[in-house]
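These values consider heavy atoms only, across backbone and side chains, with no hydrogens, waters or symmetry-generated copies.
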Amino acid sequence: CALPICEFHGTVVASLAVAPENGVGLVGVYPQAIFQSFDASPLMEITDIGAIQGITAAAQHCPGVISISFGGTNRDPLLENAVLTAFHNGCLVVAAAGNGGLQGNPPEYPASYPHVLTVGATDQNDQVAPFSTLSPALDLAAPGVAMFGAVPFSRDPSGYAFDLSGTSF
């Protein structure tokens, strides 16, 4: 994922989770959460090393929730170890199942690792979204179609994006 797409994506996902109730815009599902950001894409794209560094940094602040809205189809033992360390430190690691439902549902990592709460997407009718990856690792599904969230002003001067879809949301 290349910036500014990563910045955009991470901002939207974070806004849906923790946007404060301030009378302006949207409210996240847990607005009173203390939010910390750890950049998994310091080199302008998400790499396994960047993901490992981000998860390792976040794992130093457990207990808490580590939200991972990226993934790939290659299993990396070092990435798995970072997830296990976070879990052992008392963090709940939550990962998007992936958007490969129309491509045969390939397993996504870190979503398919043990000890990860894996989330798929549902549509407006509470049915599985066609793009949502289905796998034995899937733990739950939540709305992920036609979402509305906050974005950097560099992406949209209104500060919001509409009609977003994906398992990250």
Side-chain angles (χ1 to χ4, degrees), residues 1-18 28-30 33-121 128-142 144 147 149-152 154-155 161 164-169:
C1 162
L3 291 178
I5 294 170
C6 292
E7 176 189 3
F8 159 76
H9 187 78
T11 301
V12 173
V13 172
S15 78
L16 293 171
V18 300
V29 295
Y30 188 32
I34 298 170
F35 176 73
Q36 293 180 313
S37 175
F38 297 92
D39 191 358
S41 58
L43 302 174
M44 307 289 264
E45 65 179 272
I46 295 176
T47 63
D48 283 353
I49 292 203
I52 291 164
Q53 290 171 340
I55 293 167
T56 301
Q60 302 306 309
H61 301 274
C62 296
V65 176
I66 299 175
S67 176
I68 302 173
S69 58
F70 56 82
T73 56
N74 294 323
R75 189 173 191 144
D76 181 331
L78 296 175
L79 180 60
E80 185 171 7
N81 188 53
V83 167
L84 284 173
T85 297
F87 173 77
H88 288 299
N89 286 358
C91 277
L92 173 63
V93 180
V94 180
N99 299 326
L102 299 174
Q103 289 82 38
N105 298 301
E108 287 269 338
Y109 299 95
S112 292
Y113 293 140
H115 309 299
V116 172
L117 180 68
T118 303
V119 184
V128 175
F131 59 79
S132 187
T133 297
L134 301 176
S135 82
L138 189 65
D139 294 302
L140 61 96
M147 303 301 290
V151 297
S154 61
R155 178 67 179 223
L164 302 167
S165 295
T167 59
S168 296
F169 306 120

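- Not counting sequence neighbours, Ser15 has no partner by the side chain to side chain donor-acceptor pair (under 3.5 Å) test.
- When all heavy atoms of Gly100 and Thr133 are compared, the pair lying nearest together is N-OG1, 2.7 Å.
- The two atoms that bring Val116 and Ala95 nearest to each other are CG1-CB, 3.6 Å, heavy atoms only.
- Judged as a ring pair (Phe, Tyr, Trp, His ring centres under 6.0 Å), and not counting sequence neighbours, His88 has no contacts.
- Residue pairs meeting the side-chain hydrogen bond (donor to acceptor under 3.5 Å, both in side chains) criterion with at least one partner in residues 90-102, sequence neighbours excluded, are Asn99-Thr167.
- Residue pairs meeting the salt bridge (charged side-chain N to carboxylate O under 4.0 Å, His left out) criterion with at least one member in residues 56-68: none, sequence neighbours excluded.
- Contact detail for Ser69 and Val13: the closest heavy-atom pair is OG-CG2, 3.9 Å.
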Exercise answer: donor-acceptor pairs, residues 54-64 side-chain atoms, under 3.5 Å, sequence neighbours excluded:
{"residue": "Thr56", "atom": "OG1", "partner": "Ile52", "partner atom": "O", "Å": "2.7"}
{"residue": "Gln60", "atom": "NE2", "partner": "Thr56", "partner atom": "O", "Å": "3.4"}

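- Between Ile66 and Ala86, the closest heavy-atom pair is CD1-CB, 3.6 Å.
- Take Thr85 and apply the side chain to side chain contact (heavy atoms under 4.5 Å, CB included) test, not counting sequence neighbours, and it matches Asn81, Asn89.
- With sequence neighbours excluded, the residues satisfying side chain to side chain contact (heavy atoms under 4.5 Å, CB included) with Leu92 are Val65, Val94, Leu117.
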Please output the side-chain donor-acceptor pairs of residues 104-114 that fall under 3.5 Å, not counting sequence neighbours, one pair per line with the distance.
{"residue": "Asn105", "atom": "OD1", "partner": "Leu134", "partner atom": "N", "Å": "2.9"}
{"residue": "Glu108", "atom": "OE1", "partner": "Gly72", "partner atom": "N", "Å": "3.2"}
{"residue": "Ser112", "atom": "OG", "partner": "Glu108", "partner atom": "O", "Å": "2.9"}
{"residue": "Tyr113", "atom": "OH", "partner": "Asp76", "partner atom": "N", "Å": "3.0"}
{"residue": "Tyr113", "atom": "OH", "partner": "Asp76", "partner atom": "O", "Å": "3.0"}

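- Here the closest heavy-atom approach between residue Ala137 and residue Thr118 is recorded as O-CB, 3.3 Å.
- Atom CD1 of Ile49 has 12 or fewer neighbouring heavy atoms from other residues, nucleotides or ligands inside a 6.0 Å radius.
- Partners of Ser168 under the side chain to side chain donor-acceptor pair (under 3.5 Å) rule, at least two apart in sequence or in another chain, are His9.
- Listed by chain and residue number, Phe35 satisfy the side chain to side chain contact (heavy atoms under 4.5 Å, CB included) test with Ala14 (two or more places apart in sequence, or in another chain).
- Among all heavy-atom pairs drawn from Ala141 and Val119, the shortest one is CA-CG1, 4.5 Å.
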